[in-house]
Amino acid sequence: MFVSTYASSAFAVVENKKWIDAHTSPYYDDGTYSGWLSEYVYSGYYTPAQSKTVYNTLPGEARVYYKCDEVTGSWVFDGDGWSTNQPYELPYSDHEGYSGTLYRYSTTEDYVAPYPTGACSPGQTHTQRKYYTAYYSGVVTKPAVDTRVYRYRGYAYAVVSDPSGSHYAGGNSGGANGEFTWKLEKTSDTSESQIRLINNAWITGNHYATRNPRYSIQSSGVVSQTSSSPINTVVNNPNDLKGKDITFSFSYEYTNYYEDIYYCSERNNKGCISWSFSHRIPDWSRAETATWNQTLKADHQYKETIDVSGDTTKQLIIGRTAKLNGKSISTNDLKEKFQIDASDTTLQSQNWIPINETLKYSSDLNNKLYVRDGEKWYFPYDMDDNLREKYKNKTNYALSNYAIPLRVGSQSNSSVTFNTADNFYLTENTGFQFSLPVNQMSQAVINQTAKKEYEAYTDETYDDQVLTTPSEGSRYYFNIDGNGEQKPNTWYNNHYVLGKLGLSEITFKLNEKVRFKQYLLGSPMDKPLVNEQQESVLRNVSYTHSIKLSPDQIKSIKELAKNRGDLLFGFRSTDIYEKYNQLQQILPSVSY
């Protein structure tokens, strides 16, 4: 639950009462207000009882009686012994109103008359006196005086209704931020792409309270997810969603009202007379729902092949996003961009073109350029005869009779360059072309391969040297065969297939047209760049040197010419050094 700052912690006690004074009975009831009242002194006074300690003395006298014994003529005891007239308790009262009883606590003998002595006569008596002082003390009291008249006063209360109820707290009709997004992504450089689906909206509306947020992502037959928390899920195969609509939704319940709850804190025999605040809760009886819905098209071109020609930039959809801002939604495309130069090329002659195809890359998702294993080929229009079988097109692309595999030559986060997977080499004298894998850098192996492939193709002894190096190997050499099909100033298709690139794992099929202005080698009639073909001997020319041939020499030379091998490129001899040595044996006198 989200609670806004409308909640307060200060609340008053709700009650209904009036003051009653000088009422003659302790209970008051006028039909509306009632209650027990407190007693108080309306008039008169009260003096409490008092006490004090009083001391007193009382004189006393004790007597003993004697008589004369008739036989002995002496005095003898005649009585109970000493006795006193002093009481044990002594009543007390005074003019101040105190009264009570004093108690004898001690006596003192003041005077004792002498004991009778001497002879006595029968019938004679004697009284002996003792005089005492008796001491008394005691607490005496004065009673209380009460002239008070009583009345009753206090609050009488009326029964009060429960003040609990709903109140408006303020707020708006809903608001949310966040995004609805689908986008392509990869978990690693070598993994296939997947589609991530995101619904991460959050509540920004100004409400007293919210509840029951609901997130949903739906696409028929592919994904159906609802949750009470943000959704971040993946569809493993992007083609499962290709061309489909993805519907995102977010909603929540809110209330801009609160309810204060009171409890009865005091009651009388008629009901509740005082209510106190207990707590405050959202008033969900006034709940409303805020909802956002957005459908995004999954119109990516995942694993498709796109034809490209010329200098162009290809922008591919890799995602779509809808931004939530309050009540509004704004949508935006997410793209990856490939800058491709597939421009046509014009060469002066049948030379070579570098296989150095570079693509530049950028992405709205700021991801790096991914290049996965995929089709990577260069399809030349024609090749030298000795290479045709090796590079025979066995791919699924009917773009040429020949297909040269490509490799990633260099790669960064924003570009990739494709080169040939094999390096192509050219011999210096014969122009014989052969190839080796790019990781084969040994010069000895390069030279051995040149010899082996030359002799296997021509059946002649190799006597040449390799002209090019591995650093120059990513090239395509035009077929300069005199019987070849390619002609000057004619456009020929040289295709590239480059895949799988980017998050879209797209494959580009580039059509780069190539032409040359003139033959590299050939007849002067064709205006080649270099003339290596034999022409007719000019007439009316006097030669400084001449020789005479015998019939046998002529026969041997004819036989020598008859056994010549095939011409390389249709015009270049492959056995020239062999025949040169054989001719030297036929005509030893000729100076070479």
Side-chain angles (χ1 to χ4, degrees), residues 1-9 164-185 187 194-236 238 240-241 244-261 278-300 317-334 364-366:
M1 178 184 295
F2 302 84
V3 180
S4 75
T5 56
Y6 288 106
S8 172
S9 60
S164 300
S166 181
H167 306 276
Y168 179 60
N172 57 27
S173 59
N177 283 1
E179 64 175 292
F180 301 150
T181 296
W182 73 264
K183 61 181 179 180
L184 290 169
E185 67 175 17
T187 58
Q194 60 187 19
I195 286 185
R196 184 162 297 278
L197 303 170
I198 298 173
N199 181 343
N200 67 356
W202 67 88
I203 299 169
T204 60
N206 185 14
H207 310 297
Y208 179 75
T210 63
R211 69 178 182 182
N212 297 334
R214 184 178 183 274
Y215 299 79
S216 173
I217 301 178
Q218 304 288 331
S219 184
S220 178
V222 182
V223 60
S224 178
Q225 285 198 24
T226 58
S227 175
S228 60
S229 58
I231 298 174
N232 189 325
T233 189
V234 165
V235 173
N236 292 320
D240 290 345
L241 280 171
K244 293 182 177 291
D245 289 335
I246 307 172
T247 300
F248 298 80
S249 66
F250 172 66
S251 65
Y252 66 90
E253 292 182 58
Y254 68 89
T255 180
N256 293 333
Y257 291 83
Y258 63 87
E259 186 176 0
D260 283 343
I261 306 300
S278 173
H279 59 281
R280 176 173 286 181
I281 60 174
D283 185 357
W284 291 115
S285 67
R286 301 194 179 195
E288 297 186 59
T289 301
T291 303
W292 291 260
N293 293 300
Q294 184 66 46
T295 297
L296 300 177
K297 189 77 172 180
D299 50 356
H300 49 292
I317 295 293
I318 55 174
R320 294 188 181 276
T321 185
K323 298 290 186 181
L324 280 62
N325 185 10
K327 292 294 290 183
S328 65
I329 300 179
S330 60
T331 59
N332 187 37
D333 301 338
L334 302 174
D364 291 338
L365 295 175
N366 295 319

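Starting from 1, each residue takes its place in the sequence as its number.
- Between Glu179 and Asn200 there is a side-chain heavy-atom pair separated by less than 4.5 Å.
- If you take CG on Asn177 and OG1 on Thr204, they are separated by 4.5 Å, rounding to the nearest 0.5 Å.
- Between Pro213 and Phe250, the closest side-chain pair of non-hydrogen atoms falls below 4.5 Å.
- For the pair Arg320 and Trp182, the NZ or CZ position fails the cation-pi test of under 6.0 Å to the six-membered ring centre and within 45 degrees of the ring normal.
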* Could you please spell out the steps behind the side chain to side chain contact (heavy atoms under 4.5 Å, CB included) verdict for Glu288 and Thr255? => CA-CA 6 Å; Glu288 297 186 59; Thr255 180; over 6 Å; no
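- A donor and an acceptor atom, one from each side chain of Glu259 and Ser164, are nowhere located under 3.5 Å apart.
- Between Asn212 and Tyr252 there is no side-chain heavy-atom pair separated by less than 4.5 Å.
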* To do: For ring-ring contact (aromatic ring centres under 6.0 Å, His included), just list the numbers for His279 and Tyr258, CA-CA rounded to whole Å, side-chain angles, deciding distance to a tenth of an Å, and then say yes or no.
  => CA-CA 10 Å; His279 59 281; Tyr258 63 87; over 10 Å; no
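- A donor and an acceptor atom, one from each side chain of Ser227 and Ser229, are located under 3.5 Å apart.
- Judged by distance alone, the side chains of Thr181 and Thr321 do bring a donor and an acceptor atom under 3.5 Å apart.
- Side-chain atoms of Thr295 and Lys297, non-hydrogen and from C-beta on, never get closer than 4.5 Å to each other.
- For Tyr208 and His167, the ring centers are positioned 6.0 Å apart or more.
- Contact of the Ile246 side chain with the Leu197 side chain is registered, since non-hydrogen atoms from C-beta on lie closer than 4.5 Å.
- No donor-acceptor contact under 3.5 angstrom links the side chains of Thr226 and Ser216, judged on distance only.
- Formation of a donor-acceptor pair under 3.5 Å by the Asn199 side chain with backbone atoms of Ser249 is found in this model.
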* To do: Verify side chain to side chain contact (heavy atoms under 4.5 Å, CB included) between Asn293 and Phe248, making sure each step is shown before the conclusion.
  => CA-CA 6 Å; Asn293 293 300; Phe248 298 80; over 6 Å; no
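- Proximity of Leu184 to Gln194: side-chain heavy atoms (C-beta onward) are nowhere separated by under 4.5 Å.
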* Can Val235 and Arg196 be said to form a side chain to side chain contact (heavy atoms under 4.5 Å, CB included), step by step? -> CA-CA 6 Å; Val235 173; Arg196 184 162 297 278; over 6 Å; no
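- Here CD1 of Ile198 is found 12.0 Å from CD1 of Ile195. Values are rounded to the nearest 0.5 Å.
- Cation-pi check for Lys327 over Trp292 is met; the charged atom lies under 6.0 angstrom from the ring centroid and within 45 degrees of its normal.
- Annotation: side chain of Ile317 is not in contact with side chain of Leu334 (no heavy-atom distance under 4.5 Å).
- In this structure the side chain of Val234 reaches within 4.5 angstrom of the side chain of Glu185, judged on heavy atoms.
- Between the side chains of Ser224 and Gln218, at least one donor-acceptor pair of N or O atoms lies under 3.5 Å.
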* For Ser219 and Thr247, what are the C-alpha separation, side-chain angles and deciding distance, and is it a side chain to side chain contact (heavy atoms under 4.5 Å, CB included)? -> CA-CA 6 Å; Ser219 184; Thr247 300; over 6 Å; no
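- Listed for the Tyr215 side chain is a donor-acceptor partner under 3.5 Å among the backbone atoms of Ala201.
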